[in-house]
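All of these numbers come straight from a predicted model, not from anything done at the bench. Lettering follows sequence order; numbering is per chain, from 1.
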Number of protein chains: 2
Amino acid sequence: MQPDDSLRTIEAQVAMLLRLSDRTRRAGARARGEIERSAYLVLGVLAQDGPTSVNGIADALRLDPSTVTRQVLAMEQAGQVVRAADASDGRVTLVRPTEEGLAALERTREVRARLYGEVLDGWSAEDRGDLARLLTRLNADVDTWGRAHGDR
Amino acid sequence: MQPDDSLRTIEAQVAMLLRLSDRTRRAGARARGEIERSAYLVLGVLAQDGPTSVNGIADALRLDPSTVTRQVLAMEQAGQVVRAADASDGRVTLVRPTEEGLAALERTREVRARLYGEVLDGWSAEDRGDLARLLTRLNADVDTWGRAHGDR
DNA sequence: GACGTAAAGCTGTACAGTACAGATAAATCA
DNA sequence: TGATTTATCTGTACTGTACAGCTTTACGTC
């Protein structure tokens, strides 16, 4: 494969993966007991970083703060997080995951890992490991690139 | 990395890639001269398969036909495709890409390949090739899985 | 050939996810 | 203290998508 071919293939395959994953996410996600993608990502941030401000979540996910505001409001309604003013800065809304929220996150992770286990049934451990490694690196580089270029 | 760890990492990284790519797609995509993601995918199908029915496009992209109907109507307005009744089956709307549409597709592919070239700047040819290969295989398996399971 | 059934596509509608602009409240600085 | 900045929330709009129902065309059976 020529260098340029790899780039084109990666680009095309990422676009198609987006399309297909979107499909899979919608189709019966709730029936499988999963939480929404948006809540899933927010809870992932909270599970990793602990209580976080709305802006902090927005930055971690590269989302507009107004979007996160609405997501955490919905998640509070669903009992997945609690919101409280920061004691040392009244402007800040600190978002904390509830036990229920963390349990829902873990449940979703397990369901999805099982799903991927089915999809990647015939894959060697080496290919799985390579894909995990390369995707992680790709995301890190996409994130770095986006921040350096102001997402232009 | 344990087998289960790979699955969890892949799952989490795909979710994050979706998030980040969505961001990059919106931010300044038009400014870079790119066409919309939906048009890009439809034109990709037409470029590969030639004139295709609305249902055919929907199947290739795993979209609802009503969604494709609207996309091709918008693309016709934009001069990227032309629609015509199939001579042998009056129910079928055959969608053909215009020269302009194919040129826009190629332009977008080039812009995006260049973008990926920047993001993957420090990557070895081997890693790029591996990522291209593994993503292609992942998509094929996701697609197969989805069709086998009725996207449940 | 007529009638019932199926297929293709279109229209109405609804919803998730998102951004941008502007409003509000709290903090900080000169 | 007043001006400016920061964090969040509210109003609004748009893309992408699905599902249900409608219309038109085709097909199969008699």
Can you tell me how far [atom2] of [N] sits from [atom1] of [X], to the nearest Å?
{"X": "A:I35", "N": "C:dG17", "atom1": "CD1", "atom2": "C1'", "answer": "16 Å"}
{"X": "A:L20", "N": "D:dG16", "atom1": "CG", "atom2": "P", "answer": "17 Å"}
{"X": "A:D59", "N": "D:dA7", "atom1": "CG", "atom2": "P", "answer": "11 Å"}
{"X": "B:I57", "N": "D:dT17", "atom1": "CD1", "atom2": "P", "answer": "13 Å"}
{"X": "B:L18", "N": "C:dG17", "atom1": "CG", "atom2": "P", "answer": "12 Å"}
{"X": "A:L41", "N": "C:dT18", "atom1": "CG", "atom2": "C1'", "answer": "13 Å"}
{"X": "A:L61", "N": "C:dG17", "atom1": "CG", "atom2": "P", "answer": "13 Å"}
{"X": "B:L63", "N": "D:dT15", "atom1": "CG", "atom2": "P", "answer": "16 Å"}

Exercise for the section: Please write out which residues are connected to B:L73 in a hydrophobic cluster, directly or through intermediates, given that two of Ile, Leu, Val, Met, Phe, Trp, Tyr count as joined at side-chain heavy-atom separations below 4.5 angstrom. Expected result: none

Exercise for the section: List the protein contact pattern of nucleotides 1-10 of chain C with one symbol per nucleotide (5' to 3'): B for base contact, S for sugar-phosphate-only contact, - for none; contact means a heavy-atom distance under 4.0 Å. Expected result: ------BSSB

For residues 49-59 of chain B, please give each side-chain donor-acceptor pair under 3.5 Å, one per line with the distance, not counting sequence neighbours.
residue : atom : partner : partner atom : Å
B:T52   : OG1  : B:G50   : O            : 2.6
B:S53   : OG   : B:G56   : N            : 2.9
B:D59   : OD1  : B:R147  : NH1          : 3.1

Practice task
For A:W145 and B:D121, test the side chains for any donor-to-acceptor distance below 3.5 angstrom and give the result as yes or no.
Solution key: no

Handout entry: Test: B:R109 and A:E11 ion pair at under 4.0 Å
Key = no

Practice task
Kindly say if B:R62 contacts the phosphate of D:dT17, meaning a side-chain N or O under 4.0 Å from OP1 or OP2.
Solution key: no

Exercise for the section: Check whether any side-chain N or O of B:Q71 sits under 4.0 Å from OP1 or OP2 of D:dT17, and answer yes or no. Expected result: yes

Practice task
Could you pick out which residue, A:S88 or A:T67, lies toward the 5' side of DNA chain C when each is mapped onto its nearest nucleotide?
Solution key: A:T67

Practice task
Return the 5'-most residue of the pair A:D86, A:S38 with respect to DNA chain C, ranking by each residue's nearest nucleotide.
Solution key: A:S38

Could I get the full list of side chain to side chain contact (heavy atoms under 4.5 Å, CB included) partners for [X], not counting sequence neighbours?
{"X": "A:A104", "result": "A:I35, A:R107"}
{"X": "A:A113", "result": "B:L7, B:R8"}
{"X": "A:T136", "result": "B:T9, B:Q13"}

Determine all donor-acceptor pairs shorter than 3.5 Å in which one atom belongs to a side chain in residues 80-91 of chain A; sequence neighbours excluded.
residue : atom : partner : partner atom : Å
A:R83   : NE   : A:E76   : OE1          : 3.2
A:D86   : OD1  : A:S88   : N            : 2.7
A:D86   : OD1  : A:S88   : OG           : 3.0
A:D89   : OD1  : A:R91   : N            : 3.0
A:D89   : OD1  : A:R91   : NE           : 3.1
A:D89   : OD2  : A:R91   : NH2          : 2.9

Problem - Which residues share a side chain to side chain donor-acceptor pair (under 3.5 Å) with B:T69, sequence neighbours left out - result: none

Practice task
Could you pull out all residues at least two apart from A:D127 that satisfy salt bridge (charged side-chain N to carboxylate O under 4.0 Å, His left out)?
Solution key: B:R133, B:R137

Problem - Global bending angle along the helix from C:dG1-D:dC30 to C:dA30-D:dT1, which compares the axes of five pairs at either end, to 10 degrees - result: 10°

Fill in the blank from the handout: Applied to residues 92-104 of chain B, the side-chain hydrogen bond (donor to acceptor under 3.5 Å, both in side chains) test, sequence neighbours excluded, yields none

Problem - Stretch residues 75-82 of chain B: residues that reach within less than 4.0 Å of DNA chain D through a heavy atom - result: none

